[in-house]
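One structure is given here, and the rest of the page talks about it.
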Amino acid sequence: MIDEGLRSALASLSPELFYFNGVDISGEYAIAPAAPKQVADWALGKADPEYLGDIQERLIAAEEEATREAYIDVSIEAQGWGVIFAGDPATPDTDTREIAALKEALKPLLARRLNQAGEYYHELKYFPGVDTTNTFFRRRQMSPAEAPIPSQIPYYLLIVGSPEQIPYNAFQYPLDVTYAVGRIHFPDGKGGHDLDAYAEYARRVVAAESHPRRQRRLSFFAPYAPGDQATILSAGKLVVPLVERLPNELRKFRVEGWTVDAEIGRTAVKDRLRTMIGGEGTPALLFTASHGVEFPSGDALQTGHQGALLCADWAGPGSGRINPDQYFAGEDVRADVDGMIAFHFACFSAGTPDFDDYSQSPRRIAPQAFTAALPSALLRRGALAAIGHVERAWGTSFMWEDLNDPQIMTFQTALQNLMAGESVGYAMQAFNERYARLATGLQGKRAELQRASAQTQPRLERELAFMWTANNDARSYVIIGDPAVHVSVGAPGEVIAPAPARESIVIAAQPTVSSGALPNFVDDDARFADRPPDLTADAQIVDYGLLDDLRGAKAKLTEAIQRFADQIGKTLSDAIENVSKLEVETYVAPSGTPVTDDPTTMKLRAKTIISIDGDTQSFIPERSSELDNRTWNMHLAMVEQAQSYRADMIRAMAAAAAELVKAVRG
Amino acid sequence: MPTIFRLEAGELGMWTPEIQPETALGIVAFSASGDDAEVETIWRVDLPADAAAADALLELAESAQRAEDEALMQAEARLQALSESAASGIASFSVPQSDSEAELFSLLAQAGADESAPFSFSAQETSGWRAAVAEFERFSAMVRDLVGGATRVETAVAGRLIGATRIGLTGNLRTMLSGIDEEVAARHQRSVGLMLMKRGALLRTAGVALSGAAGLATLVGRPDGVIRAVPVALRYIRSVQAEFTALRRIDSDAG
């Protein structure tokens, strides 16, 4: 189809230049061909602003292309599976001893994936210190912006190694936008790998995929501490809405047989979490929302405890140094959790980079990047995967600027997909797409800011700062574990293990409501009756008599504000009606005589009436007396005070009235 | 019966409220030419006989009021910053807060308690907010009295009333002095000034609490969030003012 003219023209193109489509009305190129460095300068914002918009459009287009919209078939068989080891650039085609040992340890898993993926099974290498995302893809004859090609780079990719070897920022995050990526790293504490842990993980994943391990139960764990905005929001604006919405959504999409329960608030203590991780209450899916504990860089406890889940045992800010009794760390996993998948919304719950991702100037937060101990501990005891956050987790994950409604669809979609049996990697696509959207928006916002007027700049800077935080937050959700694993559950209703006799918050059962003796809100045993789950019933809201105190307080508050508003309004109205004149009178009693209302002793010595038009009438005391001058001076001082006070008072009342109108109108 | 405020350190800064069955000094309101409102509040300043000590007490009260005004401005600025932060939605999950902010967020969470939701707080856990509501009720009642009726300021020296000023609803002043002693009159005028400063401060406090509540309403997460946040904002203002008072005490102790 290519004639000689075109072939010749193709051959004449310089491989060193970027060529852009577009000719403007003058007949010239809209953007002339440009060298790579020039284009890079543009992308870094150093360039001629005239061309910057076009380059950013290219980046936006590339990011949009890189975002997968939907897979029809996301099975390993269709999309492939690959494992990425840290190679030695000196011997790129040879497995190092480390890789050989890791492969041996992971043999059961690798064999199973090979069996599933067939020709789409790949063992890949990333060369630390040498590779970039570009070079990694180039070796497979692919562009990093290209959609997955199972025969070249498969959709499912398991990174084996530490983030020091295969980095988060430069590799895992960009890869994760389009691919389903997970990581496993089991250090031996001496700089090497704990091969037994890799072997155990591989064995347990294969076992769980062969035989279901868990009942269909999703459990939430969301402590909060008094005075702690972060956990109050995560409990109230993330977990509660998820718990409330999921049952209906599961019914809508015919995802059957799941029980949803939650431990929220001050009862979400460490001992409670212990029952959910290896205890009788261990679910198939565990979602926690809490603080992740943070340590100074290089602290003795940092690698073992950073990202540990701070439980309701913690009294809140200002309560002193946190101690291990208040948080759940890797070393607290002391029982098997076969088949469980965990999702931890908490700072550092998946890992820690070496430098702060949110600081404008480099700030080291760890001697080297590492994966969190808790998810690794879970995997060592049979968990299939643990989703968490590298670096700090922010409220931007589920709240947006001044929107009142929590923005939890990303979390909801991920959980629904997991419960519907999708792979962890595919379920997390919702988060990858969110990151891609934010990254796109951030590019646009930067461009907008560069063109901003002085008037709009402050608002745009604020928006940019928010989006930048949200962007960095969004990209940092990672999977610890094989991204191709699914929840290990039986068919709906199938009993896998004896159902634990534990309290469940009623989502959809039919509680008995009576107007008489209502259960005590504080007594959990009465409040949360153990009833069989029934997702087909409509949710009921139960009324509790002791909350009358709360209602009473609200009613009193409303009345107080209303009365306050009425009085302010009336007084302001009177003041405005009577502002036409200001009267100041001064009475004097003879010296030594107490001040009384006896008109025989109190004499009017001076009076001033000031009209609104400034006309002033003064009743001057008797003349030619030093005493009278002094009286007059005292009187003048009071006049001045009255004038100043009236203006201030009307101003303050008007301001209060304006705010009251807003408050009363809601 | 009118509420009496005495000039001495109390819950209203340098003023302490008390209720007495009758006014001890026997003053009743003059029949006024156009300003017939009942006296709702009496502000009483008892000065010592020693002139220097009397001036020092007044200076202390004026200084304390100025500090309170400054603290109110700080509270307003901090509320504004918190409102902007709330509007932006940026809250890190590993950031500590000061005591005043910590209490604020705790009370806001309590304010958002839904009496009909099974995941809401227990009655015990909303006690802080309910106490803030009670505090707001007292505050709003006092401000209502201040603006709803006439006010009288009385200055006594060594127990003897030397000046009284009636301030009407619209700001008309009627002053009664014992003798024409400029120094005494000046001190009474300072008493009146103190009372006017306090009254203005209370009105401004109401305005700041209301505007602060509007900014924090999103953190309450309910349609009536503004109303629920009002007592929280007032509590916060009081807390910030207490911080300033404590700092001033430390500074003065340090000399």
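Chain letters run A, B, ... following the sequence lines, proteins first, then strands; residues in each count from 1.
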Before accepting this row, confirm whether a basic side-chain N of the pair A:D566/B:R144 lies closer than 4.0 Å to the acidic partner's carboxylate O. no

Gap separating the OH atom of A:Y587 from the CZ atom of B:R166, nearest 0.5 angstrom: 11.0 Å

Does any backbone or side-chain atom of B:T165 lie under 4.5 Å from a heavy atom of chain A? Answer side chain, backbone, both or neither. side chain

For A:N633, is it the side chain, the backbone, both or neither that has a heavy atom under 4.5 Å from a heavy atom of chain B? side chain

Choice from B:R204, B:Q189, B:R199, B:M197 maximising heavy atom contacts with chain A below 4.5 Å: B:Q189

Quick one: which of B:A229, B:S178, B:P231, B:A206 has the most heavy-atom pairs under 4.5 Å with chain A, could you say? B:S178

Within this structure, what is the OH-CG distance for the pair A:Y645 and B:L173, rounded to the nearest 0.5 Å? 9.0 Å

Measuring heavy-atom distances to chain B, does A:M638 have an atom under 4.5 Å in its side chain, in its backbone, in both, or in neither? both

Checking side-chain contact (heavy atoms from CB on, under 4.5 Å) for the pair A:T631/B:L177: CA distance, chi angles, key distance, verdict? CA-CA 10 Å; A:T631 306; B:L177 297 168; over 6 Å; no

Nearest 0.5 angstrom please: A:Q641 CD to B:M195 CE, how far? 10.5 Å

Between B:N172 (side chain) and A:L582 (backbone), is there a donor-acceptor pair under 3.5 Å? no

Please name the pair of heavy atoms, one in A:I232 and one in B:A109, separated by the smallest distance, quoted to 0.1 Å. CG2-CB, 3.4 Å

Flag the one option from A:H635, A:K237, A:Q567 with the top tally of heavy-atom pairs under 4.5 Å to chain B. A:Q567

Set out, in order, the CA-CA distance, both residues' side-chain angles and the distance that settles side-chain contact (heavy atoms from CB on, under 4.5 Å) for A:K554 and B:W129, then state yes or no. CA-CA 10 Å; A:K554 168 66 174 29; B:W129 182 69; 4.3 Å; yes

What part of B:A213 is in contact with chain A, defined as an atom under 4.5 angstrom from a non-hydrogen atom: side chain, backbone, both or neither? neither

Which atoms of B:L107 are under 4.5 Å from chain A, going by heavy atoms: the side chain, the backbone, both sets, or neither? neither

Interatomic distance, CD@B:E137 vs CG@A:L557, rounded to 0.5 Å, equals 8.0 Å

Could you walk me through whether A:F564 and B:V143 pass side-chain contact (heavy atoms from CB on, under 4.5 Å), step by step? CA-CA 8 Å; A:F564 187 57; B:V143 178; 3.4 Å; yes

To the nearest 0.5 Å, what is the distance between CD1 (B:I227) and CD1 (A:I561)? 5.0 Å

Please say whether more than 12 non-hydrogen atoms of neighbouring residues, nucleotides or ligands are located less than 6.0 Å from CD in A:E640. no

Is it the side chain or the backbone of B:V192 that comes within 4.5 Å of chain A heavy atoms, both, or neither? both

Under 4.5 Å, counting heavy-atom pairs only, tell me which of A:A655, A:A589, A:A560 racks up the most with chain B. A:A589

Pick whichever of B:L196, B:V133, B:L203 has the most heavy-atom pairs under 4.5 Å with chain A. B:L196

What is the distance from atom CG of A:L604 to atom CZ of B:R174, rounded to the nearest 0.5 Å? 9.5 Å

